[in-house]
There are 2 protein chains.
Amino acid sequence: MSAEARHQRLYAELRGRICLLDYPPGTKLGEEALAAEFGVSRTPVRRVLARLSDEGLVEARHGVGTLVTDVDARELGQVYALREELAQLSGTMTPRPVTDAVLSELRTLIAEGAKLADLPDARAFARLNMAYFSFTQRLIGNDALAEVSERLYFRTARIWLQAIAELDLDREIAAFREEMRQVADALRSGDMPAVGMIRRAHISMSFHRLKAALPAG
Amino acid sequence: MSAEARHQRLYAELRGRICLLDYPPGTKLGEEALAAEFGVSRTPVRRVLARLSDEGLVEARHGVGTLVTDVDARELGQVYALREELAQLSGTMTPRPVTDAVLSELRTLIAEGAKLADLPDARAFARLNMAYFSFTQRLIGNDALAEVSERLYFRTARIWLQAIAELDLDREIAAFREEMRQVADALRSGDMPAVGMIRRAHISMSFHRLKAALPAG
DNA sequence: CGAACCCAAGTTGTGTACATCGTGGCGGCA
DNA sequence: TGCCGCCACGATGTACACAACTTGGGTTCG
């Protein structure tokens, strides 16, 4: 395997573990331990940790360790506020055409949502939410906007998951399914601005519910 | 000096050289050469190049070298389109209060602009433009928005500089001074949304002039 | 004469030993 | 007994040697 491909795999794996709370905030990611697990030396591991550090998911402290960062309420609010605006923009800025394959993929996600509602599970919810996010990313025609949106999503995803675990999981899943249904309706009529507005509305409502679970209220 | 501070200095230095066209697109940045120049080993240099690579300013090819990237017309248009939207947002999303120190700083920049008009120079123009951009960044109250804006600005700054060197430099400087004067007016009345709109308008007009200098366009 | 092959030089990627730094615990002293 | 300082340990940061890879030129064979 090429070095670049290895890097991407390692990066995706660690980012996934962080955002799925396999590594909750405060966890120490030992370079030696990770190197041993993935069968490489510290060097490529450090390359990945440096990237995660630049993106704010971890923080390397000399002599201490590389720790998964936490996100304070202020930063969380700022990221969500910006994500709202960007979700709306994704509906108006040169969206990609809606194909049958796109609608089919969303139907599959909605079906997964139905199964999730029958058997609620926080981790499975988080995975499906990421898959849905990945789906919405493919509707964006502006690559720069997609890149920025992804960066912001993964920046706070773990905090969102942490909070909903303490909230009403059923309610969150219901709201998520409702968003997918509404987006599907808008997509069928090819109304991308409406898709953006719907997503913005749900990000806003999700954040309002999320604030209730934060320590500072 | 701490490792983190060294990293930041090296990063800022190399990013500056790339964006001021000391290293035009296609330039090979040899790790060994940079290490020798800055009196360190390849390791910290590689750490900085990795970050620049993640941000799309350079591209490392195994067995070839680390090359300064170019930006095609499509990507340039997408970045400018997003920068327009973000500039407008920066005026409406929780802007910072306008202090006397802020107005004073802008007056200084405007004075520098007057000197530049007397003695036009592409490189000095680029430096002043960066200083003005840095100034506008400090008006943004949303840290996430500021971070994203900075990333996008530096992503295309070198292409902009490359293009205006082939355009009418006097005209570009005049447009730049006009933007600063208009922003100063809006700031004096505390109208931040107007500041955002003015900046958006000038980004749009700048891009339209810039397109004339592109190969495809 | 041309084309295919090979190889040598130069570059980035990796592994590893060592330097540097922060922390917690242990021991001595008041 | 409590507190202060020292130090050993483990972590990240750095330097360097080597592996892997691309490229270009020289050489040889058809």
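Numbered from 1 within each chain, the chains take letters A, B, ... in sequence-line order. Here the structure is a predicted model, which is why all the values come from computation and not from measurement.
- A:A12 is linked by a side-chain contact (heavy atoms from CB on, under 4.5 Å) to nothing, counting only residues two or more places apart in sequence or in another chain.
- Comparing the end axes of the helix from C:dC1-D:dG30 to C:dA30-D:dT1, each fitted to five base pairs by superposing C1' atoms of four pairs onto the next four, gives an inter-axis angle of 10° (nearest 10 degrees).
- With sequence neighbours excluded, no residue forms a salt bridge (Lys or Arg N to Asp or Glu O under 4.0 Å) with A:D70.
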**Message:** For nucleotides 11-17 of chain D, give me one character per nucleotide, 5' to 3': B if any protein heavy atom sits under 4.0 Å from the base, S if the only such contacts are to the sugar-phosphate, - if neither.
**Reply:** BBBBBBB

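- Here B:F135 pairs with nothing under the ring-ring contact (aromatic ring centres under 6.0 Å, His included) rule; sequence neighbours left out.
- Under the salt bridge (Lys or Arg N to Asp or Glu O under 4.0 Å) criterion, B:R151 pairs with A:E147, sequence neighbours left out.
- Scored by the side chain to side chain donor-acceptor pair (under 3.5 Å) test, B:Q78 finds no partners at all (sequence neighbours excluded).
- Along DNA chain C, the stretch of nucleotides lying under 4.0 Å from any heavy atom of chain B spans, 5' to 3', C:dG10 to C:dT14.
- Applying the side-chain contact (heavy atoms from CB on, under 4.5 Å) test to A:T66 and every residue at least two apart in sequence or in another chain returns A:E31, A:L49, A:V58, A:A60.
- Taking atom CG of residue A:L67 and atom C1' of nucleotide D:dG10, one finds them 14 Å apart after rounding to whole Å.
- A:A3 meets the side-chain contact (heavy atoms from CB on, under 4.5 Å) test with no other residue; sequence neighbours excluded.
- Residues forming a side-chain contact (heavy atoms from CB on, under 4.5 Å) with A:E172 (at least two apart in sequence, or on another chain): A:F125, A:I164, A:L167, A:R209.
- Panel note: side chain B:T94, backbone B:G141; no donor-acceptor pair is recorded below 3.5 Å.
- The salt bridge (Lys or Arg N to Asp or Glu O under 4.0 Å) search around A:E166 returns none, not counting sequence neighbours.
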